[in-house]
S.K.: 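Handing you a structure now.
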Amino acid sequence: MRDPLPDHGEELIHLMHDSEARSDVPADSVTQQFAAVSAGTVKAKRKGLPLGAWIAIGWMAILILAAILAPVLPIPDPINDANPLKAAQGPTLDHIFGLDGNGRDVFSRIIWGARNSLFIAFAAVITGFLIGGALGLISGYFKGRIGGVLGAITDILLAFPQLVLALAVVSFLGRTVFNVTMALAIVSIPILARITRASALSWSERDFVTAARAQGAGHIRTMLREILPNVLPAMLSIALLGIAVAIVAEASLSLVGAGVKPDVTTWGNVIFSGQAYIRDAPSMVLFPSMVIFFTVYALNYLGDVLRATFDVRESAL
Amino acid sequence: MPRTFTLKFLRLVLVVLVVTFITFGLTKLQPGDPVSKIIPFGTAQQKAELRTDLGLDKPFIAQYGKWLGNFVQGDFGKYYDSKQSVNTVIKTSLPVSLELMLYAQFFALLIAIPLGVTTAYRAGSKYDRGANATMFALLALPNFVVALLLAIYVGAKWQLLPTQSNVIPFPLNPLDNWTYMLMPVVALTLGQIAVYMRLLRSDMIATLQEDFITTAKAKGIPTRRILWRHALRPSSLTLLTVAGLNVGALIGGAIVVENVFGVPGLGKRITEAILAKQYPALQSYVAIIAILYVTVNFAIDILYSVLDPRIRNARSVA
């Protein structure tokens, strides 16, 4: 039998098993999916980033730049520049991605969509990162009653299937950008809490933490200065994957009619408005779908690279 | 065993209670008066009657208690306008969704298990790297994209299969049932294959390094038997847990896919209820899904400790 490759998915699985053994709850589906995403595509390399990582970074950089610069770019307005006479026109030189059902430029709508979709995804995951990270760090550090209570809260949040929870929050509270962002943040809090907790649990057992405590470091200092820096790489790589998940979730919500209202241009809404035209003008759906695919792929890949670079394996020691 | 079972069951009940309480609370948080939403042009008297009718004049806890009482007795409420019973809708739509998810789960495992086992055995080979790269790409392919691609090409362009589903119950006409189910199932299955295959692969790679595998090899047991019997057995437990946890992702995927293809399942009914602002119905749907999900994982958790002697013993020692 051949020698198996070093495999980074394993650490995450071990991390999950650790948390399973300790907290007596199974890991959640999303953690499992993350483990699947990160099951070793990128080999650990000491020097330099692989070419693929540069391509992924390049794609994300272009996308983010375009999203930020959308108001000053020489592109038609995504909502008001409508030309109903040319509705559902395929790609031409003037409109490289074609026009949508109202005769609006699909390319422009994708860039403006990036502005809103990326904002929603980043804001949601950053919120989840801060709240979930804090919860996870505290419950991983204080193993006793506090950890138990926080763990139970996480479990309850995880008892909702992700999309159903987001769906419920948005439909009950209203289809605004803020509510969609909050719904996705609520979904990402327990995921980040779970990962952070698992990692913080194993790090807080280490000798240097005991040493810091013996030298008189307080709980907060120990958590922030000793444990957090070690837990951060795992959190960041999960956050990158989380952004990808949030992008897909935003689009999924729009697609089932429970996302941001159609007058806000998001990737999900661009696809949703094209759905009725798949017979005559599939380009309306194909181009935004492709952009989502590339973005999710790039984020998954970067999350994987991050894990390999920081060698998250150590945290399982 | 019986003690852990009781504890776990109590936990399950607690989670279900909290989940339904939160969903109920969410409906109350919605801005605006629900009565004005249902009959915006009703007179003050009509509105007051409806308010009493819906129990909205009572305190929150009382409303929740009443809802819970009905729910436990199997009364899932009514639609506002048509007065259609939610139970009837669930009776027709839930089996469709379950069928869709069962097919997806079955085919995903059917394809993922052989792929996971063979790639783990030949880790690092061209075959392994090729399969891995494909699966990595599949992970980035949201199921609505697969669904839309199928609808565009297989449905609209080549006209091979109907794009709008009109699911015929399997017992009535198996062939028609499959014709309508095929595209939704494929759309739901592809991403799941990647999840299972990649987890099984990394799990198996770890298993293949264990001593008992070396022993088995030394005894001269054929490779095929080692892979499929000795190595797959411990990994299959991991797979079982993941399959259960994955039901959450599957439910989310089913909602999206049902909407793209117009499959008359629970997912489609949920989004219809959202658009029509049928909150009491929606609340029951969300509660039912959460219960379904928690119960499946509860069952798997129990099954897991029954199947794996290591866990069984560890628990009894502790």
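Order of the sequence lines sets the chain letters (A, B, ...), proteins ahead of strands, with each chain counted from 1.
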S.K.: Between chain B and each of A/Leu165, A/Ile292, A/Ile278, count heavy-atom pairs under 4.5 Å; write down the option with the most.
M.R.: A/Ile278
S.K.: Would you name the heavy atoms of A/Trp267 and A/Ile110 that are closest together and state the gap between them?
M.R.: NE1-O, 2.9 Å
S.K.: Between B/Ile22, B/Leu14, B/Leu141, who has the most heavy-atom pairs with chain A when the cutoff is under 4.5 Å?
M.R.: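 Option with the top pair count is B/Leu141.
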S.K.: Kindly indicate whether the side chain of A/Leu163, heavy atoms from C-beta on, has any atom under 4.5 Å from the side chain of A/Val256.
M.R.: no
S.K.: Could you have a look at A/Leu299, A/Leu255, A/Thr295, A/Leu253 and say which one has the most heavy-atom pairs with chain B under 4.5 angstrom?
M.R.: A/Leu255
S.K.: What part of A/Val285 is in contact with chain B, defined as an atom under 4.5 angstrom from a non-hydrogen atom: side chain, backbone, both or neither?
M.R.: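 Interface part for A/Val285: side chain.
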S.K.: Strictly distance-based, threshold 3.5 Å: is any side-chain N or O of A/Ser117 a donor or acceptor partner for the main-chain N or O of A/Ala114?
M.R.: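 A pair under 3.5 Å: no.
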S.K.: Going through the checks in order, is the side-chain hydrogen bond (donor to acceptor under 3.5 Å, both in side chains) test met by B/Tyr127 and B/Thr119?
M.R.: CA-CA 7 Å; B/Tyr127 162 68; B/Thr119 49; 5.8 Å; no
S.K.: Heavy-atom pairs under 4.5 Å with chain A - which of B/Val18, B/Ile270, B/Val15 has more of them than the others?
M.R.: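 Top option by heavy-atom pairs under 4.5 Å: B/Val18.
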S.K.: Is chain A contacted by the side chain of B/Ile255, its backbone, both, or neither, given a heavy-atom distance below 4.5 Å?
M.R.: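 Both parts, backbone and side chain.
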S.K.: Is the backbone N or O of B/Lys268 less than 3.5 Å from a side-chain atom of B/Glu258, with the two atoms forming a donor-acceptor pair by type?
M.R.: yes
S.K.: Please identify each residue that fulfils ring pair (Phe, Tyr, Trp, His ring centres under 6.0 Å) with A/Phe287, with sequence neighbours left out.
M.R.: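 For A/Phe287 the ring pair (Phe, Tyr, Trp, His ring centres under 6.0 Å) partners, ignoring immediate neighbours, are A/Phe97.
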S.K.: Looking at B/Leu282, B/Ile289, B/Asn143, which makes the most heavy-atom pairs under 4.5 Å with chain A?
M.R.: B/Leu282
S.K.: Do any of residues 180-187 of chain A have a heavy atom less than 4.5 Å from a heavy atom of chain B, and if so, which, in residue order?
M.R.: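 Within residues 180-187 of chain A, no residue comes under 4.5 Å of chain B, counting heavy atoms only.
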S.K.: Using the test side-chain contact (heavy atoms from CB on, under 4.5 Å), find all partners of B/Leu239 that sit at least two apart in sequence or belong to another chain.
M.R.: B/Leu109, B/Ile113, B/Tyr196, B/Leu200
S.K.: Need one label for B/Leu250: side chain, backbone, both or neither, based on atoms under 4.5 Å from any heavy atom in chain A.
M.R.: neither
S.K.: Counting only N and O atoms by type, is there a donor-acceptor contact under 3.5 Å from the side chain of B/Gln105 to the main-chain atoms of B/Ala243?
M.R.: yes
S.K.: What part of B/Ala137 is in contact with chain A, defined as an atom under 4.5 angstrom from a non-hydrogen atom: side chain, backbone, both or neither?
M.R.: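 When you check distances to chain A, atoms from both the backbone and side chain of B/Ala137 fall under 4.5 Å.
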S.K.: Heavy-atom distances under 4.5 Å only: say whether B/Leu149 touches chain A with side chain, backbone, both or neither.
M.R.: side chain
S.K.: Tell me, for A/Ile271 versus chain B, whether the close heavy atoms (under 4.5 Å) come from the side chain, the backbone, both or neither.
M.R.: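 The side chain, not the backbone.
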S.K.: Could you list the residues that satisfy ring pair (Phe, Tyr, Trp, His ring centres under 6.0 Å) with B/Tyr153, not counting sequence neighbours?
M.R.: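 Result, ring pair (Phe, Tyr, Trp, His ring centres under 6.0 Å) vs B/Tyr153: B/Trp158.
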S.K.: Between A/Ser171 (side chain only) and B/Ile274 (backbone N and O only), is there a donor and an acceptor less than 3.5 Å apart?
M.R.: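 No; zero donor-acceptor contacts below 3.5 Å.
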S.K.: Quick check: does any side chain N or O of A/Arg175 sit under 3.5 Å from a backbone N or O of A/Gly259, one acting as donor and the other as acceptor?
M.R.: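 Yes.
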S.K.: Tell me whether B/Asp128 contacts the main-chain N or O of B/Gly124 through its side chain, where contact means a donor paired with an acceptor under 3.5 Å.
M.R.: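 At least one qualifying donor-acceptor pair exists.
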S.K.: Does any heavy atom of chain A fall under 4.5 Å from the side chain of B/Leu148, the backbone, both, or neither of them?
M.R.: side chain
